[in-house]
Amino acid sequence: QVQLVESGGESVQPGGSLRLSCVGNGRSFNDCAVGWFRQAPGKEREFVAAISWSGQTTYYADPMKSRFTISRDNAKKTVNLQMDRLEHEDTAVYSCAAVRVPYSEARLGIASEYDYWGQGTQVTVSS
């Protein structure tokens, strides 16, 4: 079992930055790829970014590629999402999710591929 806890969400002005963290509890966290998804009110959940179990490979949804950076520290069992140049449209609940090896890298953008989910953290971008 893997438990995930997100933190770092808050209100920020457009153009600002936030760093979200996802801390994993459980022996197998370091054997998991981790992804970030978000869901805005009235919208479907969408993929944001993912990182392989080793941290060597990262994946991004195209709209976030130039503004967001995902990273991980397996010693601390933490995956971070650095978000820069935030826009109103980035307002959403951001959740991290983990999938155990073996997994398909081609499917890391699909929410149903993930085995474990956190509760989410609210990000609000407002002037």
Side-chain angles (χ1 to χ4, degrees):
Q1 274 284 31
V2 175
Q3 294 82 40
L4 304 173
V5 179
E6 304 96 333
S7 63
E10 60 180 79
S11 295
V12 64
Q13 291 188 342
S17 296
L18 280 177
R19 190 186 197 197
L20 306 183
S21 293
C22 172
V23 177
N25 295 313
R27 289 185 186 179
S28 58
F29 178 78
N30 290 350
D31 294 329
C32 294
V34 175
W36 283 95
F37 291 79
R38 70 185 187 184
Q39 187 165 21
K43 296 188 177 181
E44 293 188 355
R45 179 185 287 166
E46 66 173 336
F47 171 70
V48 175
I51 190 165
S52 63
W53 68 271
S54 65
Q56 291 187 338
T57 310
T58 57
Y59 314 84
Y60 296 93
D62 285 343
M64 295 78 165
K65 197 171 291 185
S66 63
R67 300 185 295 120
F68 293 5
T69 303
I70 190 170
S71 61
R72 72 187 295 164
D73 183 340
N74 280 348
K76 297 180 179 179
K77 293 189 175 182
T78 300
V79 171
N80 295 314
L81 183 69
Q82 176 69 36
M83 306 188 296
D84 299 317
R85 302 193 305 279
L86 285 162
E87 304 168 353
H88 290 290
E89 292 74 22
D90 295 317
T91 295
V93 175
Y94 285 71
S95 300
C96 66
V99 55
R100 297 184 305 267
V101 296
Y103 54 81
S104 168
E105 292 186 354
R107 297 178 66 80
L108 286 178
I110 302 172
S112 60
E113 292 295 295
Y114 290 81
D115 301 307
Y116 310 103
W117 288 83
Q119 293 297 312
T121 185
Q122 176 70 47
V123 171
T124 302
V125 184
S126 174
S127 52

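Grouping the Ile, Leu, Val, Met, Phe, Trp and Tyr side chains by contacts below 4.5 angstrom, directly or via other members, places W117 with V101. The cluster map of Ile, Leu, Val, Met, Phe, Trp and Tyr, joined by side-chain heavy atoms under 4.5 Å apart, puts V12 and L20 in the same cluster. Taken together through direct or relayed side-chain contacts under 4.5 Å among Ile, Leu, Val, Met, Phe, Trp and Tyr, Y116 and Y103 form parts of separate hydrophobic clusters. Side-chain heavy atoms closer than 4.5 Å link hydrophobic residues (I, L, V, M, F, W, Y) into clusters, and following such links, even through other members, never connects V2 to V23. Grouping the Ile, Leu, Val, Met, Phe, Trp and Tyr side chains by contacts below 4.5 angstrom, directly or via other members, places V79 apart from W53.
Under the side-chain hydrogen bond (donor to acceptor under 3.5 Å, both in side chains) rule, Y94 has a single partner from Q39, R38, Q122, which is R38.
Y59 and E105 share a donor-acceptor pair across their side chains, judged by distance under 3.5 Å alone. Between the side chains of Q82 and D84, a donor-acceptor pair is found at a separation under 3.5 Å.
If you take SG on C96 and CD1 on I70, they are separated by 9.0 Å, rounding to the nearest 0.5 Å. Between the CH2 atom of W36 and the CD atom of E46 there is a distance of 14.5 Å, given to the nearest 0.5 Å. Atom OG1 of T121 and atom CG of L81 lie 11.0 Å apart (nearest 0.5 Å). A distance of 7.0 Å separates CZ of F29 from CG of N74, quoted to the nearest 0.5 Å. Expressed to the nearest 0.5 Å, how far CD of E6 lies from CD of Q119 amounts to 7.5 Å. Atom OG of residue S104 and atom CD1 of residue I110 lie 7.5 Å apart, to the nearest 0.5 angstrom.
Counting heavy atoms from C-beta on, the side chains of V34 and R72 come closer than 4.5 Å. Two residues are said to be in side-chain contact when any heavy atoms from C-beta on lie closer than 4.5 Å; V99 and R107 fail this criterion.
In the displayed structure, Q3 atom CD is contacted under 6.0 Å by more than 12 heavy atoms of other residues, nucleotides or ligands.
A ring-centre distance under 6.0 Å is found for F37 and Y114.
Pairing each heavy atom of L108 with each of A33, the nearest pair is CD2-CB, 3.9 Å. The two atoms that bring S127 and P14 nearest to each other are N-CD, 3.8 Å, heavy atoms only. Minimum interatomic distance between N80 and T78 (heavy atoms only, all atoms of both residues): OD1-CG2, 3.4 Å. When all heavy atoms of A40 and A92 are compared, the pair lying nearest together is N-CB, 3.8 Å.
The backbone N or O of T91 lies less than 3.5 Å from no partner atom in the side chain of T124, so there is not a single donor-acceptor pair.
D31 meets the salt bridge (Lys or Arg N to Asp or Glu O under 4.0 Å) test with no other residue; sequence neighbours excluded.
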